[in-house]
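Worksheet: one structure, shown below.
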Amino acid sequence: MPTLVQEKVAQAIGILREKEIDVWMTFVRETSAGGDPVLPLIYGHDLTWHSALILSRSGRSIAVLGDLEAEAARRTGAYQTILPYHHSIREGLLNILQELNPQQVAINYSVNDVHADGLSHGMYQVLRGYLEGTPFYDRLIPAESIISALRGRKTAEEIGRIKRSVETTLQIYQNTYEYAQVGMTEQEVSSFMHKQVLEFSVEEAWDYQNCPAVNAGPQAVIGHVGPTQRKIEAGHILHMDFGVRQEGYCSDIQRVMYFLRSGEVSPPEPVQRGFDTIVKAIQEAASAMEPGVKGKEIDTVARGVVTQAGYPEYMYGTGHQLGRTVHDGAGLLGPEWERYGDTPNFLLEAGQVYTIEPGLKVEGFGYLGLEEDVLVTENGVEFLGEPQVELIQKGPK
């Protein structure tokens, strides 16, 4: 059975054929100090000296790298040709390019996608220096479309890993619902979830201090920020944003609870109405998702449900791709705001995994945001875990 790296290298060659691009080259050095985001997909290890991983639409896979890493490259089983060197990569690199004679050489830079922008400016200058005086100097093109497709189109193995990550996350949430009580601080809830991460032998999906985000009540600050000593009170919405990294792949899920006041048997109308609005926004966005639709069209659907219900629009995109990282690719379910570049115009493709995460604030009670992880299929989307469609409520002890 092929490894994940072997699968992704084969997939990349297929993408080159589809897009009619002759050669894709990943050019790196000392990647432990600043690795190209694509390396875990097509190589799986760090590289030290100047190295070039070259894939061609003819089916060739070539690694030009330092002699001390030649055996590691062979063991990946993903590269048919290993060209080690001692003093300089120049000769081996130019020889293989002359042999392939590509009309385009895609390299890893992008104005839209950070995951396709792994070639540093310094390494770009080094590469241009090597290519000066050759026909390849003027044949460099961005690899954005290749990397976007490679990261986005998840293989069956990748989808399985994300599903298992989601399953673990939902189990940790279930344990947290049982644990959380009025009087506990946001940090106590966070500490409990961190202990669960250890017990499940996984990792936080993003930086430890801010994963989970835990927001209790109307005074909580919402965003990429960690928990505080603020206590949960009766009448509070408790909002949590959390994910794990399991087998190298991430989940990203938001959940909410409501803590009943004395005498309440159900959440107040404003809280329930806000919750129902967000559930509707997620369900309608999911129903609109299919291959060939632009991300901005899905954002318009979800955002419209929220604003038509009378709430202010949320000041972020409706969803992002998910995979080896929490924000994992170019395509975005978002509006055409300058900060998002052209990513809202990227088309949805089968195999991509997205979050759907609209939100709103319920005055006097707190922030109400949900986040679900979904897989785009040929026939629509599949929720990768059971979505929250009922407001979890907890009464006084």
Side-chain angles (χ1 to χ4, degrees), residues 8 34-41 108-118 143-154 158-159 161-163 165-166 169 202-213 222-226 240-255 282 285-286 289 294-296 298-299 302-303 314-349 351-359 369-376 381 384-385:
K8 297 305 279 188
D36 191 308
V38 82
L39 275 184
L41 292 176
N108 300 356
Y109 71 91
S110 169
V111 297
N112 290 298
D113 183 6
V114 65
H115 290 98
D117 199 32
E144 178 184 276
S145 65
I146 302 166
I147 297 172
S148 176
L150 185 68
R151 291 192 78 94
R153 300 175 190 175
K154 304 299 191 292
E158 290 177 294
I159 292 167
R161 293 186 186 192
I162 296 172
K163 283 183 175 180
S165 178
V166 169
T169 302
V202 293
E203 302 173 81
E204 291 78 7
W206 56 93
D207 59 289
Y208 178 91
Q209 290 184 327
N210 298 336
C211 182
I222 307 302
H224 300 156
V225 62
M240 295 166 284
D241 188 354
F242 173 66
V244 304
R245 180 176 285 106
Q246 183 170 335
E247 301 175 86
Y249 284 76
C250 296
S251 60
D252 186 9
I253 295 172
Q254 294 178 46
R255 290 293 182 256
I282 290 172
M289 294 176 71
K294 291 182 178 180
K296 68 181 180 183
I298 306 305
D299 178 81
R303 195 174 298 274
Y314 42 93
M315 290 292 105
Y316 55 87
T318 294
H320 52 80
Q321 287 196 52
L322 181 70
R324 292 195 70 93
T325 60
V326 172
H327 294 174
D328 197 57
L332 178 80
L333 311 181
E336 289 186 288
W337 296 346
E338 184 177 349
R339 75 186 193 212
Y340 293 138
D342 196 41
T343 58
N345 289 302
F346 285 30
L347 302 179
L348 274 63
E349 297 186 34
Q352 292 176 334
V353 176
Y354 279 93
T355 67
I356 309 177
E357 49 179 306
L370 297 174
E371 183 173 17
E372 308 295 350
D373 300 341
V374 300
L375 169 68
V376 182
V381 298
L384 295 181

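Counting begins at 1 with the first residue of the sequence. Quick note: numbers below take in every heavy atom, side chains included, and nothing from hydrogens, waters or symmetry partners.
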Worksheet item: Short question: side chain of Asn108, backbone of Ala143 - any donor-acceptor pair under 3.5 Å?
Response: no
Practice prompt. Without swapping roles, check the side chain of His320 against the backbone of Val326 for a donor-acceptor pair under 3.5 Å.
Written response: yes
Provide the closest heavy-atom pair for [X] versus [Y] in the form atom of the first, atom of the second, distance.
{"X": "Val114", "Y": "Pro37", "answer": "O-CG, 4.0 Å"}
{"X": "Trp206", "Y": "Ser251", "answer": "CZ3-O, 4.4 Å"}
{"X": "Tyr249", "Y": "Arg161", "answer": "CD1-CD, 3.6 Å"}
{"X": "Gly317", "Y": "Arg303", "answer": "CA-NH2, 4.1 Å"}
{"X": "His224", "Y": "Asn210", "answer": "O-ND2, 3.7 Å"}
{"X": "Pro344", "Y": "Gly334", "answer": "CB-O, 3.1 Å"}

Side chains of [X] and [Y]: closer than 4.5 Å at any heavy-atom pair?
{"X": "Val244", "Y": "Glu204", "answer": "no"}
{"X": "Ile162", "Y": "Asp373", "answer": "no"}
{"X": "Leu333", "Y": "Leu348", "answer": "yes"}

Worksheet item: Considering residues, nucleotides and ligands other than Glu247, do more than 12 of their heavy atoms fall under 6.0 Å from its CD?
Response: yes
Nearest 0.5 angstrom please: [X] [atom1] to [Y] [atom2], how far?
{"X": "Ile282", "Y": "Leu370", "atom1": "CD1", "atom2": "CG", "result": "4.5 Å"}
{"X": "Leu332", "Y": "Asn345", "atom1": "CG", "atom2": "CG", "result": "10.5 Å"}
{"X": "Ser148", "Y": "Asp328", "atom1": "OG", "atom2": "CG", "result": "10.0 Å"}
{"X": "Asn112", "Y": "Glu144", "atom1": "CG", "atom2": "CD", "result": "4.5 Å"}
{"X": "Phe242", "Y": "Gln254", "atom1": "CZ", "atom2": "CD", "result": "13.0 Å"}
{"X": "Met240", "Y": "Glu371", "atom1": "CE", "atom2": "CD", "result": "13.0 Å"}

Item to complete: Report the residues that fulfil side chain to side chain contact (heavy atoms under 4.5 Å, CB included) with Ala302, sequence neighbours left out, ordered by chain and then residue number.
Response: Ala281, Ala285, Tyr314, Thr318
Worksheet entry | Test side chain to side chain contact (heavy atoms under 4.5 Å, CB included) applied to Glu203 - qualifying residues, sequence neighbours left out | Arg245
Worksheet entry | Test side chain to side chain contact (heavy atoms under 4.5 Å, CB included) applied to Asp117 and Val111, step by step | CA-CA 8 Å; Asp117 199 32; Val111 297; over 6 Å; no
Worksheet item: Could Arg255 and Glu372 be called an ion pair, given the rule that one side-chain N must be under 4.0 Å from one carboxylate O?
Response: yes
Worksheet entry | Criterion side chain to side chain contact (heavy atoms under 4.5 Å, CB included) on Arg151 and Gln321, from CA distance to verdict | CA-CA 9 Å; Arg151 291 192 78 94; Gln321 287 196 52; 5.7 Å; no
Discussion item. Just to verify, what does Asp113 make a side-chain hydrogen bond (donor to acceptor under 3.5 Å, both in side chains) with, not counting sequence neighbours?
Written reply: none
Practice prompt. I would like to know whether Glu349 and Val376 meet side chain to side chain contact (heavy atoms under 4.5 Å, CB included); could you show each step before the answer?
Written response: CA-CA 7 Å; Glu349 297 186 34; Val376 182; over 6 Å; no
Worksheet item: Which of these, Ile253, Val374, Leu322, Val353, sits in a side-chain contact (heavy atoms from CB on, under 4.5 Å) with Leu384?
Response: Val353
Discussion item. Before you tell me yes or no, could you show the steps for Leu375 and Lys154 under side chain to side chain contact (heavy atoms under 4.5 Å, CB included), namely the whole-Å CA-CA distance, both residues' side-chain angles and the distance that decides it to 0.1 Å?
Written reply: CA-CA 9 Å; Leu375 169 68; Lys154 304 299 191 292; 5.5 Å; no
